[in-house]
> 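Before I ask anything, let me first share the structure, which is written out below as structure tokens.
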There are 2 protein chains.
Amino acid sequence: MRAGITGYGNLGRGVEFAVKENPDIELAAVFTRRNPDTVKINTPGVPVLHIDDAKNWSDKIDVMIMCGGSATDLPVQTPEFAKYFNVVDSFDTHAKIPEHFEKVDKAAKESGHTAIISVGWDPGLFSLARVYSNAVLPGGKDYTFWGKGVSQGHSDAIRRIKGVKNAKQYTIPIDSALDAVRSGKNPELTTRQKHRRECFVVLEDGADAGEVEKAIKTMPNYFDEYDTTVHFISEEELLKNHGGLAHGGFVIRSGKTGLNGEHNHIIEFNLKLDSNPEFTTSVLVAYARAAFRLNTEGNTGCKTVLDIPPAYLSEKDGAYLRARLL
Amino acid sequence: MRAGITGYGNLGRGVEFAVKENPDIELAAVFTRRNPDTVKINTPGVPVLHIDDAKNWSDKIDVMIMCGGSATDLPVQTPEFAKYFNVVDSFDTHAKIPEHFEKVDKAAKESGHTAIISVGWDPGLFSLARVYSNAVLPGGKDYTFWGKGVSQGHSDAIRRIKGVKNAKQYTIPIDSALDAVRSGKNPELTTRQKHRRECFVVLEDGADAGEVEKAIKTMPNYFDEYDTTVHFISEEELLKNHGGLAHGGFVIRSGKTGLNGEHNHIIEFNLKLDSNPEFTTSVLVAYARAAFRLNTEGNTGCKTVLDIPPAYLSEKDGAYLRARLL
């Protein structure tokens with residue numbers, strides 16, 4: 001299978017690394033909005049081309065892996081590229097998935113391609129955990145915890161405060177809440193009880209630390225409903241100690257069975273990731289394989305992870321999987 | 001959807017309870033090998049019939065849920081019933097799945113029915129966790145831990161020892177092994193390091209406790225490779241404190257990504273179940289829904305959980321799932 005990459009940032013690089021782990025997939029080309037001569041990739045012999053050249057590659061690429069951002073890139077690029085390629089993307093703006101789905105579905109159906117959107121871990125593997133566990137325990141209760149990891153949105157919100165030069169914000173699940181959920185008590189948890197927020201902030205020269213801390217802790221929606229800790233550090237320390245891309249989280253469903261609901265069950269899925277973008281792209285590459293297979297079978301249009309049989313993600317065939325992994 | 005139950009033991013009762021949690025499914029009939037007059041079920045108005053009458057119900061039941069045992073019932077019953085019904089079963093003898101699959105596939109294809117075999121949690125949800133996590137991290141390492149829960153096979157093995165009147169054996173995962181796996185160290189673990197075994201034994205009058213304990217601890221395959229604890233208790237205590245059906249376990253995959261494998265990732269799926277049979281049957285009922293849907297679409301033959309799109313397990317449609325659970 002020949003894969004293409006559109007967009008060569010953290011995600012594009014992640015796809016490049018993930019492809020090397022999958023012997024049945026080769027990287028055909030990388031497409032960028034930048035001047036291709038300025039983009040150095042890690043795979044010798046693979047061409048880097050301008051994104052405007054992509055449509056000329058439609059017969060040389062089996063699946064295009066879309067590595068743009070969800071805010072402005074993917075809503076335009078995925079439907080456009082679905083005219084020329086089978087595509088997978090990691091569109092993660094939950095509220096806009098139905099709209100994105102419709103646009104991609106239309107383009108893919110008209111051109112006879114297969115698209116899989118919103119692939120990654122949330123949405124993605126976490127969505128799978130929710131759907132499986134809801135189907136198995138229909139009378140239960142869902143809990144999703146995120147972290148420990150950097151929230152880009154919350155870090156950006158801090159950086160917009162006057163007097164802040166740079167900042168990173170960690171979302172951290174609270175152990176006592178996790179323990180209560182795992183105990184089967186099916187607790188009602190407030191926002192404050194589930195996560196806390198820890199901020200590392202670099203001040204502009206002459207900024208008032210007390211004012212900045214107050215502005216953070218009282219910020220509506222982002223921080224006011226959480227217990228928030230603020231640390232002021234130097235820019236050097238921020239770059240040295242807080243540049244990581246680790247993340248993770250927990251999806252837990254708790255539900256009862258029996259004549260009178262006398263038995264409780266806990267289904268838990270959790271991730272602990274050293275690199276959020278590299279893990280996301282490892283999921284993307286597995287679903288790229290599925291998109292190609294579905295297209296080969298004539299199954300076109302837009303799909304999500306919920307529509308894909310698990311066996312389609314694997315390089316191995318059904319008989320192997322039944323004998324070894326079932 | 002009209003479901004039937006064949007076999008009314010712990011699994012049959014579990015299906016009966018699970019059906020009540022799913023408003024789109026109704027219980028049509030229960031079939032038993034016993035005299036139907038002696039079998040009391042918990043759902044008023046549902047007929048209990050002899051298993052020999054089942055084939056007369058083929059137009060009144062959309063999916064038959066097979067609730068016999070894996071040792072001798074299901075290898076015969078599932079292929080036979082697949083001639084008359086869409087079927088799901090929880091066949092769990094891993095080594096014999098390929099053979100069972102072929103027999104059921106032949107019967108289901110010839111009759112135009114859809115069968116899903118080996119549904120439950122292992123095989124079942126644990127198989128899903130293995131296949132998803134292997135596809136996402138192809139260069140990683142798998143770990144499966146079971147327990148804490150009663151192993152029927154190990155309890156039976158103890159009961160066959162001379163001087164033993166009754167026994168229950170718990171398989172218990174070792175916390176330090178779980179911690180080592182979760183830390184991302186990718187340890188090589190021996191059998192002894194992963195699980196320990198705890199036995200509660202009732203002696204026959206006059207039996208030699210020391211001899212029985214030695215016979216247990218040195219039993220090849222079952223106990224000799226494990227650290228085993230033996231407690232001698234009264235029959236009353238065994239029945240009072242060790243009659244539970246709790247179980248659970250952990251599937252963990254650990255793997256690396258990056259240019260030089262510098263980032264580690266942990267994918268963990270775990271279950272903590274108060275009732276092993278009731279949870280297994282909750283999974284069976286969700287896959288019964290999928291079997292019926294697949295058959296409605298003309299997709300016949302034998303499948304496993306690896307072949308079923310997750311959305312097929314849910315009562316909700318694709319648009320609902322994309323908007324709420326993705």
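Numbered from 1 within each chain, the chains take letters A, B, ... in sequence-line order.
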> Do any of residues 95-108 of chain A have a heavy atom less than 4.5 Å from a heavy atom of chain B, and if so, which, in residue order?
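Residues of residues 95-108 of chain A touching chain B at under 4.5 Å: A/I97, A/P98, A/F101.
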> For chain B, which of A/Y287, A/Y132, A/W121 has the most heavy-atom pairs under 4.5 Å?
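Result: the option with the highest number of such pairs is A/Y132.
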> Given the options B/G139, B/A135, B/S127, which has more heavy-atom pairs under 4.5 Å with chain A than any of the others?
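When all of B/G139, B/A135, B/S127 are compared, B/S127 has the most.
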> Select all residues of residues 242-261 of chain B having any heavy atom within less than 4.5 Å of some heavy atom of chain A, and report them by number, or 'none'.
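So the qualifying residues are B/T257, B/G258, B/L259.
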> Can you say whether B/F126 sits under 4.5 Å from chain A via the side chain, the backbone, both, or neither, judging by heavy atoms?
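The answer is neither part of B/F126.
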> Under a 4.5 Å heavy-atom cutoff, which of B/R289, B/E16, B/R130 has the most pairs with chain A?
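Most pairs with chain A among the choices: B/R130.
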> Between A/L128, A/N134, A/N42, which shows the greatest number of heavy-atom pairs under 4.5 Å with chain B?
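If we count pairs closer than 4.5 Å to chain B, A/L128 comes out on top.
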> Does NZ belonging to A/K141 count more than 12 external heavy atoms closer than 6.0 Å?
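Yes - once you tally the heavy atoms of other residues, nucleotides and ligands closer than 6.0 Å, there are more than 12.
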> Could you measure the distance from the CD1 atom of A/I267 to the NZ atom of B/K272? Nearest 0.5 Å is fine.
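That separation rounds to 13.5 Å.
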> Please determine, among A/L313, A/N264, A/D142, the option with the most heavy-atom pairs under 4.5 Å with chain B.
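Of the options given, most contacts go to A/N264.
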> Examine whether an atom of B/R324 lies under 4.5 Å from a heavy atom of chain A, and if so say whether it belongs to the side chain, the backbone or both; otherwise answer neither.
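When you check distances to chain A, no heavy atom of B/R324 falls under 4.5 Å.
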> What part of A/R13 gets within 4.5 angstrom of chain B, counting heavy atoms only: side chain, backbone, both, or neither?
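Contact with chain B involves no heavy atom of A/R13 at all.
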> What part of B/A18 gets within 4.5 angstrom of chain A, counting heavy atoms only: side chain, backbone, both, or neither?
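For B/A18, no heavy atom lies under 4.5 Å from chain A.
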> With a 4.5 Å heavy-atom cut-off (strictly below), which parts of residues 296-309 of chain A touch chain B? List them by number.
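If one takes a 4.5 Å heavy-atom cut-off, the residues of residues 296-309 of chain A near chain B are A/T304, A/V305, A/L306, A/D307, A/I308, A/P309.
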> Any residues in residues 275-286 of chain B near chain A, with a heavy-atom distance under 4.5 Å, and which are they?
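Checking residues 275-286 of chain B against chain A gives B/S275, B/E278, B/F279, B/S282, B/V283, B/A286.
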> If I measure from the heavy atoms of chain A, does B/L325 come under 4.5 Å with its side chain, its backbone, both, or neither?
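Both backbone and side chain.
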> Hey, could you give me the CD1/CG distance between A/I266 and B/N270, rounded to the nearest 0.5 Å?
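Taking CD1 in A/I266 and CG in B/N270, the distance rounds to 9.0 Å.
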> About how many Å separate CZ of A/F91 and CG of B/L326, when rounded to the nearest 0.5 Å?
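Between B/L326 CG and A/F91 CZ, I get 10.5 Å after rounding to 0.5 Å.
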